[in-house]
Each structure stands twice: as C-alpha cells, then as structure tokens.
Asker: 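Could you have a look at this structure, given as structure tokens, before my questions?
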Amino acid sequence: MVVSLPEILSLGGEKKLTACLLLLILELFLEGAEAVPNSADIENHLELGKQFLAHNQLSDALTHYHAAVEGDPNNYLTLFKRGTVYLAMGKTRFAIQDFSRVLDLKPDFTAARYQRGTVYMKSGEYQQAAADFEQVLYEEPHNEHAHESYSRIAPAEEQWLIVQDLMARGDYRNAIPMLTQLLEISPWCVAFRQTRADAYIELNDLLAAISDLRSVNKLSQDSTEGYYHLALLLYKIGHATSALKEIRECLKFDPEHKDCFPFYKKLRKVEKGISNAEQYRDEKQYQDCIQSAESVLKHEMEEQMIIYEAKRILCTCSVRNEDHGKALGYCKDALDIMKDAQILCDRAEAYMGSEMYDDAIHDYQEALSLDEHLQRAKEGIEKAKRLQKQAERRDYYKILGVKRDATKQEIVKAYRKAAQKWHPDNFQGDEKKKAEKKFIDVAAAKEVLTDPEKRRQFDQGIDPLDPEGQQGGHGGFHGGSPFAHFHHGSPFQFKFHFN
C-alpha cells in the first residue's frame with residue numbers, strides 16, 4: 001500500500017509521525033540502492049585498473065580494483081586481480097588476505113594458491129609456502145613454476161639454520177653472504193633483513209646496516225624499536241637530520257616511547273645547532289655559525305661523528321672569519337676523527353693566514369692524495385707558494401693593519417691614520433729615514449688595496465708594484481716615482497729634507 005504525502009498530512013498524532021518516519025526510511029533505502037554500483041560501473045573500474053596496470057601505475061590501478069571489489073565483494077576474479085597488484089607493490093599482508101579470500105570462494109583456483117605460496121616464500125614463511133605449492137602440484141602435477149618454487153624451500157630452510165649457528169658463534173663475515181642469498185629468495189623476510197643488519201653492525205658497517213633496517217621498518221607493522229635503532233645508527237654516523245626524521249616516526253606510534261622520547265629531546269637540540277650553523281655558514285654569517293656549532297658540543301660530548309660534524313663546521317667558519325688560531329685547533333680536532341680533503345684545505349688556509357706556508361702546502365698536498373682531482377688543493381698550492389714568496393716582500397694588509405676582507409672605506413681610514421703616524425716631518429735623524437720607508441710602504445699599500453684590479457692581483461700572491469711584476473720594471477708607481485702617488489690628491493702635504 002502506497003501512501004501519498006497529502007494523505008500523510010491529513011493524518012493526525014502518532015499515525016502522522018509514524019508515516020513520516022516510514023517515508024524517510026524508504027527514501028534512504030532508495031538512495032542507498034542507487035549508490036550500489038551496477039555491473040557497468042564495475043566493468044569500467046576493472047578496465048581502467050587493467051590499463052593503469054599495463055602502464056605500471058600500480059597505485060592508480062589499485063584504486064580502481066578497490067572500487068570493483070566494493071561493488072562486488074564476492075567476485076573471486078576481481079579479488080585475485082587486486083591481490084596481484086598488492087603483490088607487485090610488496091604489500092604482502094593485503095595480498096595474502098585477498099588470495100585467501102579467493103580460495104575461500106573458489107578452493108580449486110590454483111593460480112591464487114600459487115600466488116599466495118609465492119608471497120609466503122618471499123616473506124620467509126616456508127611451511128605455509130610449501131603447503132600451498134604441494135596443493136598446486138597435487139592439482140597440477142606438471143606445473144613447472146610450482147615445481148621450481150617448491151624445490152627452493154628445503155635448501156633455504158637448511159641455510160637459515162646454518163646462518164643462525166654462524167651468528168651464535170660470532171662468525172658474521174660468513175653469515176652475511178648466506179643471508180644475502182636467502183634474501184634473493186625471500187626479500188620480504190623481516191628476520192633475514194634484521195639478522196643481516198645485526199651482522200653488519202657487529203662488523204661496524206653501519207651504512208649497510210641502515211639500509212637493511214629501513215627495509216625492516218617498511219615491512220613491519222609496528223616499528224617503534226626499529227625506528228629507534230635506525231635513529232641511533234644514523235646519529236652514530238653523524239646524520240642528525242636523518243636521525244631526527246626516524247625518531248619522529250617512532251613517536252607517531254608511541255608519543256611517550258621510553259627510548260624514543262628522551263632521545264628525541266636531545267637530538268632535536270643537536271640537529272638544530274648543526275642545521276643553523278650550516279645555514280649561517282652559507283649566508284656568510286660566520287660568527288653566528290661558530291656559536292651554533294659550539295652549542296652542539298654542549299649537548300654532545302661522546303658520539304665522535306656528531307663531534308666531527310660540529311668541529312668540521314667550526315673549522316670552516318673560523319677560517320672564513322679569519323680567526324686562524326682557533327681554526328687550526330678545530331680543524332685538527334676534526335681531522336683527528338676523520339681525514340677529509342676539504343677540511344685539509346680549510347686548515348691550509350688557516351696556515352696561510354698565520355703565514356705558515358710550508359704547513360699549508362703540506363696540507364694541500366695531503367688533500368690531493370685523498371682526491372687527486374681537487375682543484376681547490378691544486379690552486380691552493382700555487383697560491384701558498386706565491387704568498388710565501390710575497391711574504392719576503394711587503395704585505396700591504398699588514399702595513400695598514402687591516403683584515404684581508406676590509407672594505408675600501410676601512411682601508412682609506414687606516415691609510416690616513418698610518419700616514420699621519422709615519423709622516424717624515426714628524427721624525428728627525430735616523431728615525432726620519434725609517435719613517436720615510438714606512439711612509440712609502442703606506443702609500444703603496446693604499447694604492448694597491450684601493451684599486452680593485454691591483455688588489456685582486458695581490459690577493460692571488462702577485463705584487464702589482466713589484467719591479468719584476470707586471471709593471472714592466474717601473475716599480476709599479478706612476479711614472480716610475482714612488483712618490484708620484486702624493487701628487488694626485490693626497491691629503492697630506494710635507495717636505496723632505498735630505499742632508
């Protein structure tokens with residue numbers, strides 16, 4: 001019996017309310033019925049899934065197979081197709097669920113049983129794999145793929161027992177190649193990867209261990225311990241940023257994890273110090289770089305590679321800040337932990353800044369022994385030799401008492417101060433001759449350091465005022481006279497009195 005809306009409205013009291021509720025339920029039912037995909041929709045999803053699968057777009061294919069399964073959850077072929085995509089994506093747990101559901105619906109579907117056996121074998125679950133392959137061979141005795149897969153199980157089980165014995169005896173070097181062979185058969189086996197990671201750790205091959213632990217975490221459903229140990233290893237090799245990323249993954253599973261949370265608090269401070277120092281270094285804010293790197297050493301005093309990272313940055317920033325004394329100490333500390341060609345070049349620059357040219361050349365040569373193609377070291381050797389030769393002559397920066405990165409304004413200011421100090425009219429007798437030489441040097445320093453091209457030459461170890469240099473034997477001064485500079489706008493007027 002169908003009741004129209006006017007008839008409902010004509011009813012009164014409880015009958016009216018009941019009729020309205022029934023009408024609402026009916027509408028909801030009809031909406032739900034319309035939402036159920038029809039066979040055409042399902043076929044469309046299957047076709048799209050097939051197309052994406054053909055182009056190896058697994059995630060897109062999976063989306064459409066999901067929709068097809070939701071439209072018809074009892075279609076064993078659709079479930080099988082989705083399970084195959086899961087298998088291709090390495091999602092073992094979901095693949096097994098789909099293949100098992102297929103076998104519940106159609107127990108004689110040997111293709112699904114073989115695929116489930118394959119997943120079990122790749123996961124190192126050899127007993128379950130053997131059971132599936134045996135059933136396939138019972139139904140299809142001449143199935144070559146099943147024969148081949150089944151024949152690999154017993155040797156793999158025996159090899160795993162040997163590996164466990166080798167690990168127990170501490171024979172890690174022989175265990176690793178056998179584990180590698182097992183992982184060719186069972187790449188998704190957590191136990192095999194974890195064991196190989198343990199062996200690598202015992203042999204101090206931490207990078208290889210980290211690679212295996214990453215795989216363990218991907219294969220495990222709850223990897224709090226895995227993420228913690230991975231973070232520890234990354235921190236141990238000095239990769240603070242990567243360690244922080246892994247420890248955060250641990251805290252996603254358990255925000256108050258007994259190991260991850262306290263380590264996170266320390267790691268966050270260390271990582272911030274290193275990251276800030278590197279940023280300040282790149283921005284040429286060297287004093288801030290030094291302060292940030294020094295903060296790292298306050299939080300970490302044991303892990304050598306973290307200390308190395310801090311010292312390495314301190315070495316570089318101190319050199320560029322022209323604090324050569326401290327730089328030499330920081331560079332030595334870093335090099336004592338690990339030899340590095342770039343750090344050797346940094347220390348060589350600190351040696352040059354301290355006028356220790358032989359030591360600088362030695363460091364550049366050692367850097368080349370580590371990296372024979374390092375252009376920085378090749379150029380550094382030539383520069384150190386030029387500066388060593390130049391040191392026997394005049395150092396214009398020293399004469400004016402300015403740093404090598406002084407601005408033109410700072411140079412002019414220093415020149416005026418030095419010119420006033422060494423003005424020959426301020427001296428008598430032998431002191432006057434000394435002052436005249438100093439005054440000439442001051443004038444030469446200003447001429448070179450305020451001229452961009454001459455200053456560039458000097459910074460490369462070439463004195464542009466050297467009579468043997470590029471000035472063709474004229475002494476480098478205008479018209480060959482060392483005093484010509486004072487005839488072109490010098491603020492100081494003086495007379496020489498030669499007796």
Side-chain angles (χ1 to χ4, degrees), residues 319-325 327-328 348-360 380 382-498:
V319 169
R320 295 178 184 175
N321 201 45
E322 295 194 18
D323 193 347
H324 300 123
L328 289 172
E349 288 188 16
Y351 277 135
M352 284 198 292
S354 303
E355 299 184 12
M356 301 168 70
Y357 301 110
D358 287 335
D359 293 307
E382 295 304 314
K383 182 176 180 179
K385 289 178 178 179
R386 288 196 302 269
L387 290 174
Q388 187 173 40
K389 183 179 179 182
Q390 186 184 91
E392 299 170 359
R393 300 190 298 271
R394 293 178 294 191
D395 185 333
Y396 297 125
Y397 290 103
K398 277 190 173 182
I399 290 169
L400 295 183
V402 296
K403 291 185 177 181
R404 299 188 76 86
D405 62 350
T407 65
K408 183 175 181 179
Q409 184 179 7
E410 290 171 335
I411 290 167
V412 171
K413 182 179 179 181
Y415 159 73
R416 288 173 178 166
K417 182 178 179 180
Q420 287 178 334
K421 176 180 178 181
W422 296 109
H423 196 292
D425 284 352
N426 297 330
F427 298 88
Q428 299 294 327
D430 292 337
E431 290 296 317
K432 190 180 188 70
K433 292 180 180 179
K434 177 182 177 182
E436 287 170 355
K437 183 180 182 305
K438 290 282 188 181
F439 195 79
I440 291 171
D441 288 344
V442 167
K446 177 182 181 289
E447 175 161 344
V448 170
L449 299 184
T450 57
D451 184 303
E453 177 58 26
K454 291 178 180 177
R455 183 174 181 180
R456 185 193 65 78
Q457 292 177 24
F458 184 76
D459 287 342
Q460 293 299 314
I462 301 169
D463 188 344
L465 304 187
D466 190 332
E468 298 177 359
Q470 298 179 355
Q471 302 302 317
H474 293 293
F477 290 97
H478 305 288
S481 169
F483 301 106
H485 172 80
F486 302 107
H487 300 297
H488 294 80
S490 171
F492 302 104
Q493 303 296 325
F494 61 95
K495 298 178 179 179
F496 290 101
H497 301 280
F498 297 103

Asker: If you round to the nearest 0.5 Å, how far is CD of E436 from CG of D425?
Answerer: 9.5 Å
Asker: Please test Y397 against R455 for side chain to side chain contact (heavy atoms under 4.5 Å, CB included), starting from the C-alpha separation and ending with a verdict.
Answerer: CA-CA 10 Å; Y397 290 103; R455 183 174 181 180; 3.0 Å; yes
Asker: Please list, chain by chain and in numerical order, all residues satisfying salt bridge (charged side-chain N to carboxylate O under 4.0 Å, His left out) with K413, sequence neighbours excluded.
Answerer: none
Asker: When rounded to the nearest 0.5 angstrom, what is the spacing between NZ in K389 and OH in Y357?
Answerer: 14.0 Å
Asker: How long is the gap from CG on L465 to CG on D451, to the nearest 0.5 Å?
Answerer: 9.5 Å
Asker: Give the minimum heavy-atom separation between P424 and A435, together with the two atoms involved.
Answerer: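 Answer, listing the atom of P424 first, then A435: CA-CB, 4.3 Å.
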Asker: Can you say whether the rings of Y396 and F458 are parallel (under 30°), tilted (30 to 60°) or perpendicular (over 60°)?
Answerer: tilted
Asker: What are the two closest non-hydrogen atoms of L328 and A350, and how far apart are they?
Answerer: CD2-CB, 3.6 Å
Asker: Please report the shortest heavy-atom distance between T450 and E447, naming the atom on each side.
Answerer: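 That would be OG1-O, 3.8 Å.
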Asker: If you look at every heavy atom in V402 and E410, which pair is closest and at what distance?
Answerer: CG1-O, 4.2 Å
Asker: Any chance you could lay out the side chain to side chain contact (heavy atoms under 4.5 Å, CB included) test for Q388 and D358, step after step, and finish with the verdict?
Answerer: CA-CA 8 Å; Q388 187 173 40; D358 287 335; 2.9 Å; yes
Asker: If you compare all heavy atoms of E349 against all heavy atoms of H324, which two are closest, and at what distance to 0.1 Å?
Answerer: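 Where E349 meets H324 most closely, the heavy atoms are O-CD2, 4.3 Å.
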Asker: Using 0.5 Å steps for rounding, measure from the CG atom of N321 to the CG atom of D405.
Answerer: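 Nearest 0.5 Å value for the CG-CG distance: 8.5 Å.
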Asker: When rounded to the nearest 0.5 angstrom, what distance separates CD in Q420 from CZ in F439?
Answerer: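 Result: 10.0 Å between the selected atoms.
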Asker: Hey, what do you get for CD (Q460) to CZ (R456), rounding to the nearest 0.5 Å?
Answerer: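 Those atoms lie 6.5 Å apart.
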Asker: I need the minimum non-hydrogen distance between M352 and G380, along with the two atoms involved.
Answerer: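 Looks like SD-O, 4.5 Å.
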Asker: Which of these passes salt bridge (charged side-chain N to carboxylate O under 4.0 Å, His left out) with D459: K454, K383, R386, R404?
Answerer: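 Result: among K454, K383, R386, R404, R404 is the only option passing the salt bridge (charged side-chain N to carboxylate O under 4.0 Å, His left out) with D459.
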